Protein chains: 4
Amino acid sequence: MTGATPPADPSRLVSRGRIDKRRAILAAAFTVFAREGYAQAGVSVIAAEAGVAKPTVYHHFGDKENLFRAAIAADADRAMAENLAVVERLSADGTDVRVLLEDVGEHLVRCYCDDRSWALRRLLYAELARFPDLIDIVRGRATDRVTEALADRLARLSLAGRLRRCDPVEAAEQLSALLTGPLEGRARLGTRRVPETELSAVTRTAVRTFLCAYGPEVAEVV
Amino acid sequence: MTGATPPADPSRLVSRGRIDKRRAILAAAFTVFAREGYAQAGVSVIAAEAGVAKPTVYHHFGDKENLFRAAIAADADRAMAENLAVVERLSADGTDVRVLLEDVGEHLVRCYCDDRSWALRRLLYAELARFPDLIDIVRGRATDRVTEALADRLARLSLAGRLRRCDPVEAAEQLSALLTGPLEGRARLGTRRVPETELSAVTRTAVRTFLCAYGPEVAEVV
Amino acid sequence: MTGATPPADPSRLVSRGRIDKRRAILAAAFTVFAREGYAQAGVSVIAAEAGVAKPTVYHHFGDKENLFRAAIAADADRAMAENLAVVERLSADGTDVRVLLEDVGEHLVRCYCDDRSWALRRLLYAELARFPDLIDIVRGRATDRVTEALADRLARLSLAGRLRRCDPVEAAEQLSALLTGPLEGRARLGTRRVPETELSAVTRTAVRTFLCAYGPEVAEVV
Amino acid sequence: MTGATPPADPSRLVSRGRIDKRRAILAAAFTVFAREGYAQAGVSVIAAEAGVAKPTVYHHFGDKENLFRAAIAADADRAMAENLAVVERLSADGTDVRVLLEDVGEHLVRCYCDDRSWALRRLLYAELARFPDLIDIVRGRATDRVTEALADRLARLSLAGRLRRCDPVEAAEQLSALLTGPLEGRARLGTRRVPETELSAVTRTAVRTFLCAYGPEVAEVV
DNA sequence: CATGAATGAGGTTTCATTCAT
DNA sequence: AATGAATGAAACCTCATTCAT
């Protein structure tokens with residue numbers, strides 16, 4: 001319906017500056033911020049990496065803080081999208097619950113271990129004292145929404161009798177914790193790449209424990 | 001009597017500079033780094049907070065990076081000591097396992113939510129890219145040693161038949177994950193103080209799930 | 001009319017920054033370096049004297065060492081130009097050789113005693129250990145080229161029978177030495193202004209001795 | 001007569017501090033100043049090189065400027081002693097004047113090209129603007145006294161009919177100039193070691209020219 | 001709209017110098 | 001008399017930010 005770039009270019013309307021430059025700047029900003037940290041990252045470096053001049057960056061984003069927020073928000077969007085897509089696989093069809101959870105678990109775990117995700121979390125932790133509103137930006141976009149979506153799906157499974165009756169939010173919290181908690185140590189906070197087999201093992205263990213507590217009533221576990 | 005060099009002045013023995021100033025600098029450094037982040041923290045601010053002159057800081061620690069490492073290491077020592085003291089309460093006496101675990105769990109959770117601990121974790125996440133050796137400093141001092149100690153205790157409980165037979169390291173990992181994972185969200189990465197009642201609730205839920213998976217064979221759970 | 005990049009703005013062509021500021025900085029740098037020495041000279045002082053901000057200096061020259069080299073090179077250019085102009089007066093026309101040499105000698109001596117020349121030599125001596133390449137910068141630009149030019153002219157005079165047959169480079173070296181050597185003591189290395197009459201006397205004595213050794217064969221000297 | 005170090009040690013009386021440490025400090029100071037220049041030389045480095053503690057340096061010399069002056073003066077003493085010893089060889093015995101002058105010239109030239117002499121001259125040139133009194137210190141100790149001594153000897157030779165009648169100071173100035181002038185270029189201000197053969201050549205040429213002007217009246221030169 | 005050049009402020013680090021031992 | 005530790009001042013350099021073009 002919308003020709004890609006018609007003469008009156010609709011892609012030039014959002015925010016100031018050409019939209020492609022804006023995107024290039026955002027990408028470069030996230031890369032550089034992730035690599036060097038907020039304070040050490042130089043706006044000139046970001047501009048260079050984006051292939052634009054420094055004032056262009058300021059033209060688009062006003063100042064460094066804003067640029068940082070925008071870069072974080074953009075990556076939080078990406079992370080949320082990935083996670084939500086994974087959670088949606090938790091459809092209540094006839095598949096065995098364990099298989100279902102292990103499938104979703106492994107995908108979640110892989111998202112969690114993605115380089116960009118580690119970078120995002122690191123930046124979050126790092127600059128939270130200076131940017132208290134970051135938590136709202138990200139919670140509104142990623143972690144919470146994912147937990148909620150997970151809770152939704154678990155609730156449906158519970159209603160369908162495939163899981164014990166439970167507080168679905170609590171269940172979602174604990175499933176997340178079981179999946180990601182052990183990775184923190186094994187990935188050395190993102191500085192070590194966790195091999196696939198380890199990811200699978202962690203996932204299976206997490207799902208096993210989860211099902212012990214939340215599996216269907218009469219399930220004989222393990 | 002012995003002239004120029006007194007035989008044993010205990011306040012002059014370790015590293016350079018007077019030992020009390022050194023300690024004051026370390027404390028101030030951790031405070032300021034935690035408040036402002038590594039890059040934004042000014043050495044002058046640290047010196048002022050420690051009540052010494054700037055060159056004194058450099059006399060003791062050489063440069064800012066070294067000071068940072070030393071401050072992190074000192075606080076990691078503190079954290080490890082606290083956590084180990086808690087884990088040692090997991091003695092295999094006659095107390096009911098659930099009560100035992102809830103006691104230890106609640107103390108661990110409280111350590112985890114301590115302001116200094118959040119600060120330590122934030123700094124760790126934040127500067128890990130710039131200081132890759134931080135992970136060794138801290139793993140050698142805190143997280144790993146605690147997990148191992150916990151595994152030791154769980155192994156004994158398992159041998160005593162108070163827990164199911166299991167891989168104790170896996171069990172320790174999962175108990176930790178169940179205790180701390182939900183707090184990450186609720187404490188908003190340390191920017192919100194979690195009320196005591198919530199801490200207790202999280203602990204109870206964690207222990208409940210843990211015991212579903214690792215409790216004694218015939219335990220009637222919940 | 002031509003849009004973004006004007007075809008030829010002559011004030012924007014050479015190296016970075018506006019050319020006039022660059023020149024002002026170079027002049028200020030030489031003045032301050034000469035007055036205070038390399039290490040004691042503050043970049044802020046140079047910037048102030050040039051009427052620009054400190055970062056502008058760094059924008060143009062990168063760092064203090066580079067600025068120093070550039071300032072030295074610029075003044076070496078000036079000195080060489082002055083000296084070469086003087087040497088060119090040594091044309092082999094019909095004038096009496098003694099008159100010719102005394103004219104040139106006095107001009108050379110005056111160049112040599114110029115404040116800037118003393119400053120240049122002082123800086124050269126002073127910082128040669130730290131900047132070994134200075135010697136190439138200056139030799140390529142001043143002293144050597146002048147000696148060679150002088151040798152060239154003396155060679156022509158020799159060929160014209162106005163001087164004895166000789167090694168012209170040797171002759172040039174000795175003429176220089178006779179002209180400048182005695183000034184070193186009398187000018188107290190540049191801290192005392194040598195009066196004109198003394199300059200003339202030194203010149204005459206130098207030329208007299210020079211002609212004793214290199215004057216035309218049958219010349220009755222003095 | 002004086003036992004080297006009798007119980008009541010007379011070598012402890014001059015200036016403050018033990019005299020050997022004082023000497024060690026002076027030597028270290030000259031070395032370091034020569035290597036790094038006045039401003040860049042750190043008092044701590046000098047102290048370390050002398051094997052004493054920093055406050056000891058201050059105890060002996062008061063402050064850095066004083067230390068510098070003392071170090072310069074000490075080396076100027078050394079240089080003067082060497083030069084005077086050489087000049088004294090110019091005794092008016094029966095030796096041929098040319099041989100005599102070439103002998104003295106070569107020794108003078110070798111003193112002039114000594115590493116320490118170059119260092120001394122460099123420091124002199126370098127810091128003359130900051131320490132105007134250096135010139136008096138050194139002129140009172142080295143250059144002038146040497147020129148005067150040389151003039152004395154030349155005067156005697158002149159009286160003895162071995163040299164033309166002349167102003168001996170002028171002659172001494174010119175002889176010095178002819179000897180040292182060409183070396184400035186060839187030694188690249190002290191950064192290049194001039195080979196012995198070149199020293200001899202320069203000396204011979206200088207003496208030849210000198211004798212053309214100041215040799216005995218009827219001398220047939222070269 | 002995009003850019004090269006310029007700026008004001010601030011950061012880490014070093015150094016000469018002085019106490020207290 | 002000699003030293004380890006501490007200090008105040010200042011230096012070099014970088015950066016976020018803004019004009020003119």
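This structure is a prediction, so every number in the text was calculated from the model and none was measured. Chain letters run A, B, ... following the sequence lines, proteins first and then strands; every chain starts at 1.
When the P atom of E:dT17 is taken as reference, atom CZ of D:Phe61 falls 14 Å away, rounded to whole Å. Atom pair B:Lys21:NZ and E:dA20:C1' shows a separation of 12 Å (rounding to whole Å applied). Taking atom CD1 of B:Ile46 as the reference point, atom P of E:dT12 lies 8 Å away to the nearest angstrom. Here the P atom of nucleotide F:dC19 and the NE2 atom of A:His59 are 15 Å apart, to the nearest Å. Regarding A:His60, its NE2 atom lies at a distance of 9 Å from the P atom of E:dT3, rounded to whole Å.
Residues D:Tyr38 and D:Glu65 meet the side-chain proximity criterion, which asks for heavy atoms closer than 4.5 Å. Using a 4.5 Å heavy-atom threshold, the side chains of C:Leu123 and C:Phe30 count as touching. A heavy-atom distance below 4.5 Å is found between the side chains of B:Phe68 and B:Leu134.
Under a 4.0 Å N-O distance rule, the pair B:Asp75/B:Arg78 qualifies as a salt bridge.
Base pairing annotation: F:dT21 forms a Watson-Crick or G-U wobble pair with E:dA2, both donor-acceptor distances under 3.5 Å. Base pairing of E:dT13: its partner is F:dA10, meeting the Watson-Crick or G-U wobble criterion (both donor-acceptor distances under 3.5 Å).
Donor-acceptor pairing under 3.5 Å, judged by distance alone, is absent between the side chain of A:Lys54 and the base of E:dT3.
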